[in-house]
Amino acid sequence: MVRVSLSILVCIIGLVCSVAAEDIPGWGTLVDPLGDCPVDFTNKGIQLTVPPGVHQLNPVMERVTAPRIWNDVAGDFLFEARIIDFPRPEIDTGANGNRSYIAAGLVLWQDEKSFLRWTRSASAEANAVYLSCEQFDNAKFVGGGNFKLDDQPIWLRLERRGNTLRMSASSNGNDWKQMIERQSNYQNALKVGVFGLNVTDKPLEYRFESPFLLRRQAPKPAN
């Protein structure tokens with residue numbers, strides 16, 4: 001029988017936790033399920049490196065391994081960030097039978113089966129860059145939409161008002177256009193932030209800038 005001392009066990013647990021979750025000042029907590037996606041600071045924001053392989057965020061495929069950086073929110077809120085443009089994937093570069101598809105953007109998270117993605121996406125097969133909203137509930141895709149996008153950086157915004165989720169986009173960070181509205185039964189306490197996915201055999205570097213999170217203040221208790 002192999003005996004492990006309590007102190008060694010605590011160290012092992014600490015190392016695992018440090019890989020799984022890391023504080024990124026100004027952005028939130030990095031959750032990196034596979035432990036292979038480093039975050040580096042740039043002059044204006046952060047860079048998230050996602051190596052080749054399957055770093056997906058899709059409960060229908062039972063793959064929720066993409067890295068994300070997020071904060072806790074409750075009730076109504078507004079979150080936005082700038083997603084810097086990235087090269088389109090090359091045809092036939094999908095890993096493990098996946099399409100040649102990459103994406104980075106915002107995520108609103110309840111748990112591994114229920115969340116919403118609002119992304120700048122690129123597909124080699126479609127030869128297109130586009131905005132994509134995908135909503136999942138209890139590991140089922142429940143709706144969303146795709147919107148044509150020029151090959152340039154984009155600001156994305158995700159807002160919750162009650163059970164209504166609103167996704168908007170801006171080319172300059174000032175003039176916003178609401179692209180889609182969804183209803184949800186997500187719980188009050190959620191997480192919101194940025195993420196990047198890669199299901200190709202090429203490494204990806206995603207850059208994010210200008211994070212802004214506005215939480216609705218809870219009403220003050222009556223005297």
Side-chain angles (χ1 to χ4, degrees), residues 19-22 24 27-40 45-70 79 81-137 139-147 149 151 153-154 156 158 167 169 191-209 211:
V19 171
E22 176 186 353
I24 308 298
W27 289 86
T29 300
L30 166 66
V31 176
D32 180 11
L34 298 182
D36 58 358
C37 299
V39 174
D40 297 296
I46 56 173
Q47 175 176 288
L48 174 63
T49 300
V50 186
V54 180
H55 298 77
Q56 180 61 280
L57 204 65
N58 190 322
V60 178
M61 298 179 179
E62 298 183 347
R63 294 280 189 172
V64 286
T65 54
R68 48 268 190 188
I69 306 165
W70 55 29
F79 176 69
R82 188 185 190 210
I83 291 75
I84 303 303
D85 50 322
F86 43 82
R88 302 184 189 192
E90 300 174 5
I91 294 177
D92 297 327
T93 57
N96 299 346
N98 282 273
R99 295 176 298 145
S100 306
Y101 171 77
I102 57 179
L106 313 186
V107 59
L108 178 64
W109 181 274
Q110 176 174 287
D111 53 44
E112 290 192 350
K113 294 183 178 181
S114 300
F115 56 86
L116 179 140
R117 301 169 13 179
W118 178 223
T119 62
R120 181 188 193 276
S121 301
S123 168
E125 286 77 10
N127 189 29
V129 175
Y130 53 96
L131 296 177
S132 176
C133 174
E134 297 179 70
Q135 185 180 1
F136 302 94
D137 194 353
K140 295 181 180 179
F141 175 71
V142 295
N146 296 329
F147 309 89
L149 178 67
D151 206 340
I154 191 75
L156 296 181
L158 198 163
M167 279 60 67
K191 297 181 184 297
V192 68
V194 298
F195 81 102
L197 70 82
N198 181 18
V199 293
T200 73
D201 59 13
K202 307 292 183 182
L204 266 296
E205 293 178 346
Y206 295 119
R207 288 178 292 147
F208 305 92
E209 298 175 357

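Each residue takes its place number in the sequence, starting with 1.
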### Task
With sequence neighbours excluded, tell me which residues meet side chain to side chain donor-acceptor pair (under 3.5 Å) with Arg68.
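Arg68 satisfies side chain to side chain donor-acceptor pair (under 3.5 Å) with no residue once adjacent residues are dropped.
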
Quick one: [atom1] on [X] to [atom2] on [Y], what's the gap to the nearest 0.5 Å?
X	Y	atom1	atom2	answer
Asp85	Arg120	CG	CZ	5.5 Å
Leu108	Arg117	CG	CZ	13.5 Å
Asn146	Thr119	CG	OG1	8.0 Å
Leu204	Cys37	CG	SG	10.0 Å
Glu22	Ile69	CD	CD1	9.0 Å
Tyr130	Asp151	OH	CG	13.0 Å

### Task
Look only at the side chain of Ser100 and the backbone of Gly94, and say whether a donor-acceptor pair between them is shorter than 3.5 Å.
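Answer holds: yes.
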
### Message
If we ignore hydrogens and angles and just use 3.5 Å, is the side chain of Thr93 paired with the main-chain N or O of Asp201 as donor and acceptor?
### Response
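Pair absent, no side-chain N/O of Thr93 close to backbone of Asp201.
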
### Task
Please list all pairs passing the ring pair (Phe, Tyr, Trp, His ring centres under 6.0 Å) test where one or both residues lie in residues 89-112, with sequence neighbours left out.
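Qualifying pairs, neighbours excluded: Trp70-Trp109, Trp109-Phe115.
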
Show me, pair by pair, the donor-acceptor contacts under 3.5 angstrom made by side chains of residues 45-57, not counting sequence neighbours?
unit_1: His55; atom_1: ND1; unit_2: Pro51; atom_2: O; d: 3.4
unit_1: His55; atom_1: NE2; unit_2: Asp36; atom_2: OD1; d: 3.1
unit_1: His55; atom_1: NE2; unit_2: Asp36; atom_2: OD2; d: 3.1

Over all atoms of both residues, closest heavy-atom pair of [X] and [Y]:
X	Y	result
Phe195	Pro67	CB-O, 3.3 Å
Ile83	Leu106	CD1-CD2, 4.4 Å
Ile102	Pro87	CD1-O, 3.3 Å
Ala66	Gly196	CB-O, 3.5 Å
Leu197	Tyr206	O-OH, 2.6 Å
Cys133	Trp118	CB-CE3, 3.7 Å

#### Entry: Glu125: salt bridge (Lys or Arg N to Asp or Glu O under 4.0 Å) partners, not counting sequence neighbours
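Per chain and number, Glu125 pairs via salt bridge (Lys or Arg N to Asp or Glu O under 4.0 Å) with no residue.
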
#### Entry: Verdict with supporting geometry, Met167 and Leu156, side-chain contact (heavy atoms from CB on, under 4.5 Å)
CA-CA 7 Å; Met167 279 60 67; Leu156 296 181; over 6 Å; no

### Task
Report the residues that fulfil side-chain contact (heavy atoms from CB on, under 4.5 Å) with Lys113, sequence neighbours left out, ordered by chain and then residue number.
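Residues passing side-chain contact (heavy atoms from CB on, under 4.5 Å) with Lys113: Asp111, Asn138, Ala139.
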
### Query
Residues in side-chain contact (heavy atoms from CB on, under 4.5 Å) with Phe141, at least two apart?
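Counting only residues at least two positions away or on another chain, Phe141 forms a side-chain contact (heavy atoms from CB on, under 4.5 Å) with Val60, Glu134, Phe136.
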
### Message
Quick test of your reading of the model: are Asp40 and Arg207 salt-bridged, counting only N-O distances below 4.0 Å?
### Response
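No, this pair does not count.
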
### Query
Taking atom CZ of Arg88 as the centre, does the number of heavy atoms from other residues, nucleotides or ligands within less than 6.0 Å exceed 12?
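Result for CZ/Arg88: enclosed.
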
### Task
Evaluate the side-chain proximity of Pro89 to Lys202: yes if any heavy-atom separation is below 4.5 Å, no if none is.
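No. Closest side-chain heavy atoms not under 4.5 Å.
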
